[in-house]
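Notes for the one structure printed next.
Every value quoted in this text rests on a predicted model; they were computed, and no experiment measured them. The basis for the numbers below is simple: all heavy atoms, side chains too, and nothing from hydrogens, waters or symmetry mates.
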Amino acid sequence: MNPSAMFKLSYGLFVVTAKDGEKDNGCITNTASQVTDSPLRISLTVNKANLTHDMILKTGEFNVSILSEKASFDTFRHFGFQSGRDVDKFADYTAVTRSANGIYYITEGTNAYLSAKVVKTVDLGTHTMFIADITEAEILADEPSATYTYYQAHIKPAPQAPKDKKTTWVCKICGYVYEGEELPADFICPLCKHGAIDFEKVEA
């Protein structure tokens with residue numbers, strides 16, 4: 001295990017993966033952070049609407065692939081813009097391998113991966129925070145982590161709002177466009193599962 005992989009968690013965007021029996025799934029998040037040095041422990045917050053959340057809650061294990069600035073938009077589209085309840089996200093995805101815990105981690109556009117075992121859960125309403133001990137940690141590439149700012153400026157294509165609407169709301173995470181004068185306060189993005197707070201108003 002390479003503890004220096006933990007430094008990659010100081011900021012960034014991640015693919016969180018989990019496995020429940022024969023089913024694998026993954027999602028995009030930016031909520032992983034280190035909690036303690038001894039034991040080596042992290043926290044991870046996941047939306048309850050996500051299938052990955054259910055898998056982690058059931059199995060108590062997950063992997064975190066820490067994306068680098070070389071991560072492609074396709075990675076974000078693949079793991080953030082479709083529901084694992086509807087598709088097998090790994091059916092045609094080859095840039096993965098399994099860690100010692102048997103869970104996939106992303107190898108392409110990834111600077112490090114961590115495997116974790118949950119020791120505590122905290123109910124946050126719409127989300128659950130998982131506190132977990134690190135069981136495996138490796139650095140895969142010497143590349144800067146992809147920050148949210150870098151993703152917005154260099155990876156994500158500019159959103160195209162419909163021209164026949166006066167007002168739209170665009171998800172700052174994935175670019176999903178909601179049409180309407182008002183965005184409901186409890187709206188959840190159907191693609192990346194982020195809430196209304198992550199949408200910005202766009203005037204046509």
- prompt: With distance as the sole test, does K48 use its side chain to make a donor-acceptor pair with the main-chain N or O of G125 at under 3.5 Å?
  reply: yes
field: V177 reachable from W169 in the ILVMFWY side-chain graph, under 4.5 Å edges
entry: no
message: Less than 4.5 Å apart, side chain to side chain, heavy atoms only: is that true for Y148 and I173?
response: yes
message: Looking only at the side chains, is there a donor atom on one of E181 and T167 sitting less than 3.5 Å from an acceptor on the other?
response: yes
query: What's the shortest heavy-atom distance between P184 and Y178, and which atoms?
result: CD-OH, 3.5 Å
- request: Work out which heavy atom in V96 is nearest to a heavy atom in T107; give both atom names and the distance.
  value: N-OG1, 3.6 Å
message: Between T31 and T29, do the side chains contain a donor N or O and an acceptor N or O under 3.5 Å apart?
response: yes
- request: Check for a donor-acceptor pair, side chain of T17 on one end and backbone N or O of Y104 on the other, with a separation under 3.5 Å.
  value: yes
task: Flag the pair D20 and K58 as a salt bridge only when some basic side-chain nitrogen lies within less than 4.0 angstrom of an acidic carboxylate oxygen.
output: yes
message: Between D24 and R98 (salt bridge meaning N to carboxylate O under 4.0 Å), is one present in this structure?
response: yes
task: Please check if the side chain of S68 supplies one atom and the backbone of K70 the other of a donor-acceptor pair under 3.5 Å.
output: yes
query: Same hydrophobic cluster for F79 and V16, using side-chain heavy-atom links shorter than 4.5 Å among ILVMFWY?
result: no
message: Quick one about S43 and S33 (side-chain donor to acceptor, distance below 3.5 Å, no hydrogens or angles considered), yes or no?
response: yes
- prompt: Taking 4.0 angstrom as the limit, do D133 and K120 come out as a salt bridge?
  reply: no
Residues F73, F81; criterion ring pair (Phe, Tyr, Trp, His ring centres under 6.0 Å); working and verdict: CA-CA 11 Å; F73 181 67; F81 298 5; 5.6 Å; yes
field: Separation of S72 OG from R77 CZ (nearest 0.5 Å)
entry: 8.5 Å
- request: State, with a plain yes or no, whether a side-chain heavy atom of N101 is found less than 4.5 Å away from one of E61.
  value: yes
message: Within this structure, what is the OG-CZ distance for the pair S115 and F62, rounded to the nearest 0.5 Å?
response: 9.5 Å
- prompt: Just by distance, do the side chain of T75 and the backbone of A71 share a donor-acceptor pair under 3.5 Å?
  reply: no
- request: Answer yes if I56 and I66 sit in the same cluster of Ile, Leu, Val, Met, Phe, Trp and Tyr residues linked by side chain heavy atoms under 4.5 Å apart, and no otherwise.
  value: yes
pair M55-T52: side-chain heavy atoms closer than 4.5 Å: no
- prompt: Does H78 use its side chain to pair, donor to acceptor, with the backbone of Y93 at less than 3.5 Å?
  reply: no
query: Between E200 and K172, is there a side-chain N and carboxylate O pair less than 4.0 Å apart?
result: no
task: Report yes if some heavy atom in the side chain of M129 is under 4.5 Å from a heavy atom in the side chain of L44; otherwise report no.
output: no
- prompt: Roughly how far apart are T126 OG1 and D186 CG, rounded to 0.5 Å?
  reply: 11.0 Å
message: Donor-acceptor pair, distance only, cut-off 3.5 Å: does the side chain of D198 make one with the backbone of C171?
response: no
query: Are V15 and I155 connected, step by step, through hydrophobic side chains (Ile, Leu, Val, Met, Phe, Trp, Tyr) whose heavy atoms are closer than 4.5 Å?
result: yes
- prompt: Any side-chain heavy-atom pair from N50 and N25 closer than 4.5 angstrom?
  reply: yes
- request: Specify whether H53 and F130 have parallel, tilted or perpendicular ring planes, treating 30° as the upper limit for parallel and 60° as the lower limit for perpendicular.
  value: tilted
- request: Give, for atom CZ of R85 and atom CG of L51, the distance between the pair rounded to the nearest 0.5 Å.
  value: 5.0 Å
- prompt: Taking S145 for the side chain and T147 for the main chain, is one N or O donor matched with an acceptor at less than 3.5 Å?
  reply: no
query: Could you go step by step and tell me if D54 and K23 meet the salt bridge (charged side-chain N to carboxylate O under 4.0 Å, His left out) rule?
result: CA-CA 12 Å; D54 297 347; K23 178 73 173 179; over 6 Å; no
- request: Using a 4.5 Å cut-off on heavy atoms from C-beta on, say whether the side chain of K89 contacts that of Q82.
  value: yes
- prompt: Mind checking whether F76 and L67 have side chains closer than 4.5 Å, heavy atoms only?
  reply: yes
query: If every non-hydrogen atom of F90 is compared with every non-hydrogen atom of G26, which pair is closest and at what distance?
result: CE1-N, 4.1 Å
- line: C174 and L191 have their tightest heavy-atom pair at SG-CB, 3.9 Å
field: I131 side, atom CD1; T36 side, atom OG1 - distance, nearest 0.5 Å
entry: 9.0 Å
- prompt: Do N111 and D142 get their side chains close enough for a donor-acceptor pair, meaning under 3.5 Å?
  reply: no
task: Kindly give the heavy-atom pair with the smallest separation between P190 and F187, and that separation in Å.
output: CD-CZ, 4.0 Å
- request: Hey, can you tell me if Y113 and Y105 have their rings parallel, tilted or perpendicular (30° and 60° cut-offs)?
  value: parallel
task: Evaluate side-chain contact (heavy atoms from CB on, under 4.5 Å) for M1 paired with I134, printing each intermediate quantity in order.
output: CA-CA 9 Å; M1 180 159 63; I134 298 299; 3.7 Å; yes
- line: In this structure, CG of N30 is separated from CG of L13 (nearest 0.5 Å) by 6.0 Å
message: If only side-chain N and O atoms count, and only distance matters, is there a donor-acceptor pair under 3.5 Å linking T128 with D123?
response: no
field: Nearest non-hydrogen partners of S99 and E136, listed with the distance
entry: CB-OE1, 3.4 Å
- prompt: If you group Ile, Leu, Val, Met, Phe, Trp and Tyr by side-chain heavy-atom gaps below 4.5 Å, do L114 and L140 land in one group?
  reply: no
